[in-house]
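Following: one structure in structure tokens, then a few remarks.
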Amino acid sequence: MAGGPLDTEGLVTLLDHHGRRQSDERFDDLASRLAPSDLRDMYRAMVVTRAFDDAAMALQRQGELGLWVQSLGQEGIQAGSGKALRASDYVFPSYREHVVAYQRGLDLPQMLRLFRGLEHGPWDPSEIGFHLYTLVIGAHTLHATGYAMGMDRDGRVGSGTEDDGAVICYLGDGATSQGDFNEALTFAAVTNAPIVFLIQNNQWAISEPTTRQSRIPLVHRADGFGIPSMRVDGNDPIAGYAVTSWALEHARSGNGPVLIEALTYRMGAHTSSDDPTKYRERAQEDYWRERDPIARLESYLTEIGEFPEEFVAEIEAEGKEMAERARTLVRSWPAPPATSMFDHVYAHPHAAVETEREWFERYESSFTDTEAAR
Amino acid sequence: MAGGPLDTEGLVTLLDHHGRRQSDERFDDLASRLAPSDLRDMYRAMVVTRAFDDAAMALQRQGELGLWVQSLGQEGIQAGSGKALRASDYVFPSYREHVVAYQRGLDLPQMLRLFRGLEHGPWDPSEIGFHLYTLVIGAHTLHATGYAMGMDRDGRVGSGTEDDGAVICYLGDGATSQGDFNEALTFAAVTNAPIVFLIQNNQWAISEPTTRQSRIPLVHRADGFGIPSMRVDGNDPIAGYAVTSWALEHARSGNGPVLIEALTYRMGAHTSSDDPTKYRERAQEDYWRERDPIARLESYLTEIGEFPEEFVAEIEAEGKEMAERARTLVRSWPAPPATSMFDHVYAHPHAAVETEREWFERYESSFTDTEAAR
Amino acid sequence: MTDTIHRTPGSHVAEAPTKMTMAGAINAGLRAAMERDDKVLLMGEDIGQLGGVFRVTEGLHKDFGESRVIDTPLAESGIVGTAIGLGLRGYRSVVEIQFDGFVFPAFDQITTQLAKMHYRSQGRLTLPVVIRIPYAGHIGAIEHHSESPEALFAHTAGLRLVTPATPQDAYDMIQQAIACPDPVIFLEPKARYWDKGEVETDRVVRQLSDGESKTATAEMSQARVAREGSDVTLVAYGPTVHVALQVAEIAAAQDVDVEVVDLRSLSPLDIPTVVASAKRTGRVVVVHEAPTLHGIGAEISAAVTEQAFFHLQAPVLRVGAFHAPYPGSKIEHEYLPSIDRVYDAIERVVSH
Amino acid sequence: MTDTIHRTPGSHVAEAPTKMTMAGAINAGLRAAMERDDKVLLMGEDIGQLGGVFRVTEGLHKDFGESRVIDTPLAESGIVGTAIGLGLRGYRSVVEIQFDGFVFPAFDQITTQLAKMHYRSQGRLTLPVVIRIPYAGHIGAIEHHSESPEALFAHTAGLRLVTPATPQDAYDMIQQAIACPDPVIFLEPKARYWDKGEVETDRVVRQLSDGESKTATAEMSQARVAREGSDVTLVAYGPTVHVALQVAEIAAAQDVDVEVVDLRSLSPLDIPTVVASAKRTGRVVVVHEAPTLHGIGAEISAAVTEQAFFHLQAPVLRVGAFHAPYPGSKIEHEYLPSIDRVYDAIERVVSH
Ligand SMILES: Cc1ncc(C[n+]2csc(CCOP(=O)(O)OP(=O)(O)O)c2C)c(N)n1
Ligand SMILES: Cc1ncc(C[n+]2csc(CCOP(=O)(O)OP(=O)(O)O)c2C)c(N)n1
Ligand SMILES: [Mg+2]
Ligand SMILES: [Mg+2]
């Protein structure tokens with residue numbers, strides 16, 4: 001649809017879908033910062049995460065996880081943007097940014113504690129600068145904005161040093177319709193907060209195509225708030241890196257918010273509960289499978305002679321190990337004790353929780369007592 | 001502030017602030033549809049409403065009203081846009097569009113029932129095509145959009161006849177920050193609903209200048225949703241008419257939503273409870289008092305010789321009569337019976353309401369009984 | 001503009017009761033309502049080709065077209081807000097909120113707008129909007145997918161609130177809700193979507209084709225004695241009716257005769273039915289999945305105690321979730337009222 | 001970046017009690033909290049130069065600057081949502097919602113995000129956000145300006161909910177709320193803003209300067225016996241404490257000795273204090289401005305009945321608003337619990 005939200009107008013592409021390097025004056029310099037080892041880092045992040053993603057999907061199919069959400073197909077923009085981050089930056093993911101989680105240092109199998117229903121927040125956000133996943137669509141965009149306002153207030157922008165930081169906030173195409181996201185744009189704009197909003201337009205919000213959310217490319221949303229923006233090929237990790245680097249630099253320097261739209265494709269189902277055959281054509285899936293971001297970077301690495309066998313073997317081993325560990329760990333985790341449900345409702349004691357906890361403990365032990373008495 | 005939300009860039013003006021007719025190719029044709037009698041209609045609506053507005057303010061000061069919200073200073077865009085409406089159009093006001101209410105045929109003094117605390121909705125919206133005032137900022141923008149979706153569904157657009165209609169939805173500069181308004185833009189855009197959003201940017205949301213809501217002119221908000229838009233001098237009733245006519249025509253023809261930003265000024269306090277001396281300069285008020293929309297149209301009418309004395313006398317009389325009637329009516333209204341609080345909670349009987357109503361009636365009559373027994 | 005499919009009302013009505021799942025019964029009820037009145041629209045996320053994440057609207061998009069089964073943008077406030085606008089224009093929207101936890105972005109539109117419009121317009125405007133919400137737990141879901149927000153709606157005047165516990169009620173009540181001129185929050189106990197039961201389709205279809213919507217509203221507002229008993233009144237609704245009936249069986253084996261009242265409607269509450277039962281049994285337990293504190297059980301307890309004080313042998317006991325956010329699904333069965341916990345309350349109320 | 005004004009903590013502390021209005025006491029409490037901790041920020045609509053529509057933040061913008069007293073965009077979800085983000089970054093935001101009726105656009109952020117963050121992060125994250133809401137009626141306002149939404153927050157685990165009835169409590173509790181690591185909804189009975197009372201400023205300032213925030217939280221969570229009595233326990237909070245005390249005087253003239261309990265905290269509820277009183281008097285009436293149905297009174301009634309069943313001479317009675325939207329202000333005094341209606345309940349409970 002010409003001019004519609006999936007029009008390719010203005011997309012920054014530095015690797016075409018055959019893996020050939022394209023030039024774009026605005027971003028070539030930034031892209032050239034990527035040494036071969038950086039390219040391999042991105043490749044590793046994509047491949048290892050995909051191995052993990054496959055393993056998690058299989059675990060869900062075996063009934064070991066309640067749900068699984070794949071990043072399949074979106075690894076390009078995730079790896080590229082994740083590579084552009086510094087330790088001093090802070091990430092507000094939605095719930096699909098597993099590649100970025102890996103790059104921030106999360107041991108991915110731990111994430112499965114969430115999807116197995118053991119707990120809601122299996123990592124320490126401040127330790128790795130990666131907030132918890134948020135399932136209420138759009139809500140986190142305001143948290144990200146507030147956090148960025150706080151970084152600004154703390155003097156963490158514009159010093160020109162490595163200490164400068166910014167927030168990056170990921171969201172989906174569907175999420176752009178939520179009031180919260182639009183309020184986040186307003187707050188970010190008027191406070192000039194150091195934040196990069198990165199829309200992963202994977203063309204679907206469950207069964208709804210992006211045309212149900214917008215009639216023009218989502219990148220334009222920024223124009224209405226006076227926020228600079230850029231549109232990038234989301235299956236091109238190099239362009240993803242370059243454009244995100246530009247945006248983060250803008251924000252870290254004290255120039256305020258930026259919005260990026262990355263046009264990509266959700267190659268898998270929405271989640272393990274979804275059945276895409278109900279609403280989309282196989283041909284579309286095939287088209288995008290040919291544009292797999294992993295294959296694209298692989299071609300390029302091969303072409304520039306930076307894809308040695310040892311490297312392939314190494315990441316394959318890492319992927320296998322990760323998958324294996326995921327399988328073992330998941331099955332090893334005991335259910336938490338029931339009384340843990342009373343923990344951390346409040347930071348200070350609260351009478352309702354204390355009373356109910358005591359009641360529950362008495363109630364539980366009445367069973368043990370009965371059994372012991374037998 | 002250059003480029004800021006109060007920049008005058010792109011404002012359509014057809015009467016400058018001395019009341020001199022300016023040319024604008026895009027809108028001259030539409031403006032020329034206004035016969036002298038139409039111009040006088042607009043003038044009458046502004047002047048009579050202002051007389052009413054003054055009277056209501058005085059009544060509030062005398063303790064006869066709980067609150068009053070003036071339209072003072074914003075009569076230009078209200079009269080212009082209201083003049084562009086047809087019977088087949090439907091209005092969703094915010095709470096300040098008294099001129100439009102007058103034009104739609106509301107007997108203005110009735111409106112005071114709301115501000116005296118007698119009831120919440122003193123007119124029949126469908127009778128005059130003018131919805132109730134909505135006090136939760138932004139909420140009505142979605143109602144307006146849904147209503148427009150319904151008009152479309154009913155085949156009320158694109159026939160090229162007088163039956164074609166559209167919705168016009170008024171909102172303030174502050175309201176643009178609400179999530180609801182932005183969701184309304186999304187729904188309107190993707191459903192191509194026949195609706196005109198008219199932002200009356202009166203430069204203030206209570207004590208907050210428009211710079212707290214946006215860093216660029218609000219008209220641009222539309223760009224991010226793929227909605228055509230226009231910016232108009234809000235103190236120029238002729239331009240207000242022409243631009244709104246264009247927008248309504250666009251919507252009625254089935255071409256979808258339009259957004260208008262009218263730059264005007266709230267000459268009075270936010271409401272009778274407000275004290276603007278706390279937050280704004282006298283000089284700004286003076287500047288805008290010189291740009292009073294009524295004076296502007298008056299100069300023009302005088303200049304073109306369409307301001308006869310009889311007319312002046314007539315509307316003065318109408319204003320006086322309206323003000324007088326407002327004073328008399330307000331004082332004549334008895335408080336509603338207490339039991340009316342149980343009416344219309346539901347359309348069908350509801351046990352909780354019935355039970356409480358019965359209880360209350362017994363309780364009330366116990367006093368009468370006691371008194372009677374004395 | 002419109003691609004309405006006109007069929008004879010009731011063309012789907014079977015003569016004899018048929019077995020249906022609760023999801024199937026709601027689907028059939030929606031279909032019947034859409035056939036009866038072409039002002040009925042469905043709105044929500046993924047309710048079109050996908051048929052909703054629970055497939056409750058399956059097939060309706062195909063049969064009624066995309067102008068009557070509307071896949072909306074992903075914005076709950078927008079969905080309810082535009083449904084209000086459509087309501088003002090004479091349409092009857094049935095909104096699907098994808099999961100209980102996602103109704104909150106629409107809370108303002110529901111509470112300050114939808115609930116009050118009839119009142120504030122002095123009865124001139126009516127808003128026959130139905131908001132369907134799959135609710136409650138026991139499906140092993142992650143966060144925000146197992147909430148029981150009923151008390152938050154029951155407190156708000158202007159809303160009706162109903163929740164079926166059987167396929168028959170689901171079929172009847174969804175149609176009665178759609179026919180009702182008031183806004184109705186329709187809570188669907190999602191863990192019970194796949195339970196089967198006999199559904200007689202004739203009666204309510206006849207009722208509504210005859211335009212008896214006032215009778216329909218009254219009927220929808222009544223509780224049902226799901227099991228008669230003389231020792232204890234066990235009050236439940238939606239997802240816990242199933243639990244209550246199981247507990248009643250267990251209690252029966254211990255010679256405690258439990259009467260189970262299925263409230264069906266939470267606004268209004270059918271207090272007379274509960275009080276009548278309480279006066280007979282002298283003992284009342286209320287069970288719901290929502291947290292006990294400030295839950296529906298508090299109102300039932302307060303109202304029954306006010307009206308049957310001298311008949312009560314023991315205080316009304318409440319069994320619900322604890323005052324904590326929904327925990328990980330691996331322990332949801334401990335958080336929610338289990339058969340054991342309800343039975344424990346029965347024992348306590350009996351031995352009081 | 002920061003224009004914090006550093007003053008010696010406590011520089012505003014007077015030695016002897018001074019007379020303050022409730023609004024003034026909150027203002028002084030905010031000032032003291034901001035002086036003590038420069039992470040404390042105020043956020044809201046019109047709270048800066050204007051000092052808020054009730055002037056509660058008057059002078060603070062001038063003294064602490066616009067980076068600590070922040071006039072936000074007109075978007076309540078945005079205000080609470082960004083306050084959460086600032087909280088994650090170590091700031092303590094005190095949000096002002098302009099009127100009770102305008103908290104609903106923020107309901108999702110409060111209910112699904114603010115309330116749950118500590119829990120879902122296993123206690124790793126804390127969100128010391130205070131949300132100040134001027135609430136309740138009796139100011140003759142138009143629609144949406146007189147709501148009493150407390151029950152909607154009390155049902156939600158993870159939130160605390162307090163409401164002062166006197167200038168002294170207002171002064172103490174606003175500071176205790178800000179010092180508390182949990183999110184606190186701080187309800188201000190707006191019709192009482194201009195009531196004057198003695199305020200001793202020393203004690204709580206000392207408590208908090210000594211870092212005793214846990215003690216402060218515990219103290220903030222306790223009910224207060226506002227008047228001792230032996231015949232009936234009258235439970236009130238916020239705006240109705242004032243009514244309850246008047247009723248107690250009237251009853252005293254009829255030889256009915258009413259004990260008035262001011263709850264102060266609605267989450268947690270101080271049930272032990274209420275139950276202890278109920279056991280002494282055997283008769284309980286609860287009064288609040290929110291609608292009776294599913295109000296705080298329902299929980300009080302249920303809990304007291306559970307815990308003091310055999311001490312009760314009569315069922316707990318409730319007096320609140322009716323199940324209807326807030327009516328026009330000309331009849332709000334009939335809609336709200338009046339002295340007459342509360343006294344009527346006292347008579348009924350005594351004669352039971
Ligand atoms: C407020 C809210 N409404 C509905 C949902 C249910 N839901 C979960 S994911 C999803 C689609 C999200 O689409 P998008 O934003 O494009 O992200 P994607 O899943 O494609 O990455 C929906 C509707 C939700 N989680 N939150
Ligand atoms: C949701 C909501 N929040 C806050 C308010 C309080 N309030 C009433 S009017 C107003 C300012 C509105 O400004 P604007 O939209 O510019 O309209 P104006 O009054 O200037 O016409 C505010 C904050 C409200 N009515 N609704
Ligand atoms: Mg998507
Ligand atoms: Mg304004």
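Heavy-atom basis, side chains included; hydrogens, waters and symmetry copies ignored. This is a predicted model, so every value here is computed, not measured. Proteins get letters first, then strands, A, B, ... in listed order; numbering begins at 1 in each.
Heavy atoms of B:Ala184 lying under 4.5 Å from chain C are absent altogether. Neither the backbone nor the side chain of C:Ile271 comes within contact range of chain B; no heavy atoms are under 4.5 Å apart. Residue B:Asp124 touches chain C through both its backbone and its side chain, counting heavy-atom pairs closer than 4.5 Å. At a 4.5 Å heavy-atom cutoff, C:Ser265 makes no contact with chain B through either its backbone or its side chain. Looking at B:Tyr133, the atoms closer than 4.5 Å to chain C (heavy atoms on both sides) all sit in the backbone: N, CA, C or O. If you measure heavy-atom distances from B:His140 to chain C, you find no contacts under 4.5 Å at all. Only the side chain of B:Pro125 comes within contact range of chain C, judged by heavy atoms closer than 4.5 Å. Neither the backbone nor the side chain of B:Ala144 comes within less than 4.5 Å of any heavy atom in chain C.
Judged by distance alone, with hydrogens and angles left aside, the side-chain atoms of B:Arg153 form no donor-acceptor pair with the main-chain N or O of C:Leu86 at under 3.5 Å. For C:Tyr119 (side chain) and B:Met341 (main-chain N/O), a donor-acceptor pair under 3.5 Å exists by modelled atom type.
What you find for B:Phe187 and C:Ile79 is that their closest heavy atoms are CZ-N, 3.5 Å. For B:Leu142 against C:Gly78, the heavy-atom pair with the smallest separation is CD2-CA, 3.6 Å. Shortest non-hydrogen contact noted between B:His348 and C:Asp182 is N-OD2, 3.3 Å. B:His344 approaches C:Gln122 most closely through the heavy-atom pair NE2-O, 3.3 Å. Annotation for C:Pro73 and B:Val190: closest pair CG-CG2, 3.7 Å, computed over non-hydrogen atoms.
For chain C, the option among B:Ala352, B:Pro122, B:Ala139 with the highest count of heavy-atom pairs below 4.5 Å is B:Ala139. Comparing B:Gly121, B:Ser340, B:Pro349, B:Ala347 by how many heavy-atom pairs each has under 4.5 Å with chain C, the most go to B:Ala347. By number of non-hydrogen pairs under 4.5 angstrom with chain B, the leading residue of C:Ala218, C:Pro272, C:Ser213 is C:Ser213. Most heavy-atom pairs under 4.5 Å with chain B: of the set C:Gly158, C:Gly123, C:Ser93, C:Pro128, this distinction falls to C:Gly158. Your options are C:Val80, C:Asp270, C:Leu269, C:Leu125, and the one with the most heavy-atom pairs under 4.5 Å with chain B is C:Leu125.
If you check the side chains of B:His143 and C:Thr82, you find no donor sitting under 3.5 Å from an acceptor.
A distance of 8.5 Å separates CG in C:Leu41 from CE in B:Met149, rounded to the nearest 0.5 Å. The CG atom of B:Asp152 lies 9.5 Å from the OG atom of C:Ser67; values are rounded to the nearest 0.5 Å. The distance from the CG atom of B:Leu132 to the CZ atom of C:Arg124 is 8.0 Å, given to the nearest 0.5 Å. Summarising the geometry, atom OG1 belonging to B:Thr134 is positioned 5.0 Å from atom CZ belonging to C:Arg120; distances are rounded to the nearest 0.5 Å.
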Stepwise side-chain contact (heavy atoms from CB on, under 4.5 Å) check, C:Leu88 with B:Phe92: CA-CA 11 Å; C:Leu88 294 172; B:Phe92 282 81; 3.9 Å; yes
Do C:Thr217 and B:His350 pass the side-chain hydrogen bond (donor to acceptor under 3.5 Å, both in side chains) test, and can you show the C-alpha distance, the side-chain angles, and the key distance before you say yes or no? CA-CA 9 Å; C:Thr217 300; B:His350 184 286; over 6 Å; no
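Between B:Asp154 and C:Lys39 there is a salt bridge, since at least one side-chain N of the basic residue sits less than 4.0 Å from a carboxylate O of the acidic one.
Put simply, the residue from C:Ser267, C:Pro183, C:Pro181 that forms a side-chain contact (heavy atoms from CB on, under 4.5 Å) with B:Tyr346 is C:Ser267.
Heavy-atom proximity under 4.5 angstrom to chain B picks out C:Asp108, C:Gln109, C:Thr112, C:Gln113, C:Met117, C:His118 from residues 102-118 of chain C.
When the salt bridge (Lys or Arg N to Asp or Glu O under 4.0 Å) test is applied to B:Glu127, no partner is found at least two apart in sequence or on another chain.
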